[in-house]
Asker: 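Encoded as structure tokens, here's the structure I'll be asking about.
Quick note: numbers below take in every heavy atom, side chains included, and nothing from hydrogens, waters or symmetry partners. Since the model is a prediction, treat every value here as computed from it, not as a measurement.
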Number of protein chains: 2
Amino acid sequence: MTYSISEVASKLNLTVYTLRYYDKEGLMPFVERTAGGKRVFKETDVELLNVIECLKSSGMPIKDIRNFIEWLSEGDSTLQQRYDMFTERKAAVEKQMEELQKTMDLIEHKCDYYKTALEAGTEDVHKNERMGKSVFS
Amino acid sequence: MTYSISEVASKLNLTVYTLRYYDKEGLMPFVERTAGGKRVFKETDVELLNVIECLKSSGMPIKDIRNFIEWLSEGDSTLQQRYDMFTERKAAVEKQMEELQKTMDLIEHKCDYYKTALEAGTEDVHKNERMGKSVFS
DNA sequence: TTATATCCTATAGTTAACTCGAGGTCAAGT
DNA sequence: ACTTGACCTCGAGTTAACTATAGGATATAA
């Protein structure tokens with residue numbers, strides 16, 4: 001089973017522009033072409049794009065993802081680099097999760113704060129908090 | 001207790017450029033100035049900047065954060081908008097957490113994959129997986 | 001009082017990641 | 001043969017969020 005660029009685009013929720021941009025940036029050296037020059041995506045190409053999206057979500061810039069793609073071309077000699085890279089990505093995502101949890105804590109606090117204020121009709125209900133009880137209003 | 005712009009910058013891990021940029025974008029209408037024109041940050045200003053950073057981490061663009069800041073100036077009449085905004089942010093962050101968990105799942109899978117490959121010295125140990133057993137390599 | 005560090009504004013430049021337009025090719029249907 | 005829709009390349013444009021530079025004011029310390 002193979003796919004056209006627009007099929008892959010809708011499969012991965014990207015635009016064809018984005019896919020061609022990735023290609024230009026060296027993220028898709030394995031995608032083959034028809035005699036007429038059209039891209040033909042194999043199942044493994046789609047899977048690799050999935051990994052690319054995953055690395056992007058982990059906060060990795062496209063330039064760095066290209067290095068990983070190059071390592072793939074170089075075979076077993078780059079196994080260590082690739083392992084190290086994913087280990088590093090894992091740590092990065094763990095950190096993002098912690099940050100996101102802190103963000104969530106403050107937002108939930110604000111939801112409570114505004115819920116109470118709305119019920120009272122005024123923010124003044126919170127006027128006598130804020131004496132070192134908690135860090136945020 | 002008040003702070004200079006560079007004190008606030010290091011407190012929040014931002015640059016003074018960024019803070020002035022925020023000011024220009026309308027995120028700091030409450031910060032006062034000395035006779036000579038220098039910004040003087042109060043404790044409440046720093047707290048508000050904390051909230052701003054939180055909204056940024058939740059994926060909110062600066063233009064939208066400015067709306068929130070304007071609502072603050074308008075007092076109790078905007079309590080509902082502010083409550084709705086934080087409720088919406090909460091949903092956005094929950095979604096981000098789910099996405100990040102999916103990212104983590106794939107990355108952990110890749111860590112295992114490369115650990116095994118590294119121990120075997122070749123990626124070929126994984127050659128007979130990939131028959132619908134799991135979605136990703 | 002003079003040096004130096006920190007501040008100011010205004011404006012221009014940078015970076016990443018797209019996004020689009022022009023002009024042309026290719027392949028399936030009529 | 002011809003139209004139509006999807007594809008192609010190349011290069012320019014866009015957007016958000018900074019980041020930096022120039023030129024100048026302010027304030028503290030020797």
Side-chain angles (χ1 to χ4, degrees), chain A residues 1-42 45-46 49-69 89 92 96 99 103, chain B residues 1-42 45-46 49-69 89 92 96 99 103:
Chain A
M1 192 58 188
T2 64
Y3 308 92
S4 73
I5 193 167
S6 61
E7 284 169 334
V8 174
S10 59
K11 229 171 155 60
L12 298 181
N13 248 319
L14 299 169
T15 67
V16 294
Y17 296 133
T18 303
L19 286 172
R20 288 201 273 252
Y21 165 70
Y22 286 178
D23 198 359
K24 197 156 49 177
E25 292 299 308
L27 303 191
M28 295 161 38
F30 310 126
V31 175
E32 291 174 3
R33 303 288 185 120
T34 64
K38 297 188 176 174
R39 291 175 185 83
V40 180
F41 294 80
K42 299 176 293 298
D45 295 326
V46 177
L49 276 166
N50 246 310
V51 175
I52 287 171
E53 286 307 290
C54 165
L55 290 172
K56 254 196 357 181
S57 309
S58 84
M60 200 171 188
I62 281 171
K63 295 285 164 64
D64 293 356
I65 299 178
R66 185 175 47 205
N67 291 337
F68 165 67
I69 302 291
R89 282 299 95 201
Q96 282 178 58
E99 292 302 312
T103 299
Chain B
M1 191 59 184
T2 62
Y3 308 92
S4 72
I5 192 166
S6 62
E7 285 169 333
V8 175
S10 59
K11 230 171 155 57
L12 299 181
N13 249 317
L14 299 170
T15 68
V16 293
Y17 297 133
T18 303
L19 285 171
R20 288 200 274 251
Y21 164 70
Y22 286 178
D23 197 359
K24 197 158 49 177
E25 292 298 309
L27 303 191
M28 296 161 39
F30 310 127
V31 174
E32 289 173 6
R33 303 287 186 120
T34 65
K38 297 189 177 174
R39 291 175 186 83
V40 179
F41 293 79
K42 299 177 293 298
D45 294 327
V46 177
L49 276 166
N50 246 311
V51 176
I52 287 170
E53 286 306 291
C54 165
L55 290 172
K56 253 195 358 179
S57 310
S58 83
M60 200 169 185
I62 281 171
K63 295 285 165 65
D64 293 357
I65 299 178
R66 184 173 48 204
N67 291 338
F68 166 67
I69 302 293
R89 282 299 96 201
Q96 281 177 60
E99 292 301 314
T103 299

Asker: For a 4.0 angstrom threshold against heavy atoms of chain A, report the outermost contacting nucleotides of DNA chain C in 5' to 3' order.
Answerer: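 The contacted stretch runs from C:dA17 to C:dC26.
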
Asker: Considering non-hydrogen atoms only, spot the tightest contact between B:Val40 and B:Arg33 and give its length.
Answerer: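 Scanning both residues completely, I find the closest heavy atoms to be CG2-C, 4.3 Å.
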
Asker: Test of understanding: with side-chain contact (heavy atoms from CB on, under 4.5 Å), list the residues that count as partners of B:Glu32, not counting sequence neighbours.
Answerer: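 So B:Glu32 forms a side-chain contact (heavy atoms from CB on, under 4.5 Å) with B:Lys42.
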
Asker: Counting C-beta onward and ignoring hydrogens, is there a side-chain heavy-atom pair between B:Leu55 and B:Arg89 closer than 4.5 Å?
Answerer: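 With C-beta onward as the side chain, the pair touches.
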
Asker: CG of B:Leu27 versus C1' of D:dC18: gap in Å, rounded?
Answerer: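 Rounding to the nearest Å, CG of B:Leu27 and C1' of D:dC18 are 13 Å apart.
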
Asker: Are A:Val8 and A:Leu19 close enough that some pair of their side-chain heavy atoms sits under 4.5 Å apart?
Answerer: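 When only atoms from C-beta onward are counted, A:Leu19 and A:Val8 do touch, with a gap below 4.5 Å.
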
Asker: Which residue lies toward the 5' end of DNA chain D, B:Lys38 or B:Lys56, if each is placed at its nearest nucleotide?
Answerer: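 Here B:Lys56 is the residue nearer the 5' end.
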
Asker: Could you tell me whether a side-chain N or O of B:Arg66 sits under 3.5 Å from a main-chain N or O of B:Glu25, the two making a donor and an acceptor?
Answerer: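 Yes: the side chain of B:Arg66 pairs with the backbone of B:Glu25.
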
Asker: Under 4.5 Å between any side-chain heavy atoms of A:Glu7 and A:Phe41, yes or no?
Answerer: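 No, their side chains stay 4.5 Å or more apart.
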
Asker: List the steps and the verdict of side-chain contact (heavy atoms from CB on, under 4.5 Å) for A:Arg39 and A:Asp45.
Answerer: CA-CA 11 Å; A:Arg39 291 175 185 83; A:Asp45 295 326; over 6 Å; no

Asker: Go through residues 4-26 of chain A and report each residue with a non-hydrogen atom lying under 4.0 Å from DNA chain C, sorted by number.
Answerer: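 Correct list: A:Tyr17, A:Thr18, A:Tyr21, A:Tyr22.
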
Asker: Would you sort out whether B:Ile52 and B:Ile69 count as a side-chain contact (heavy atoms from CB on, under 4.5 Å), showing the intermediate values?
Answerer: CA-CA 9 Å; B:Ile52 287 170; B:Ile69 302 293; 3.9 Å; yes

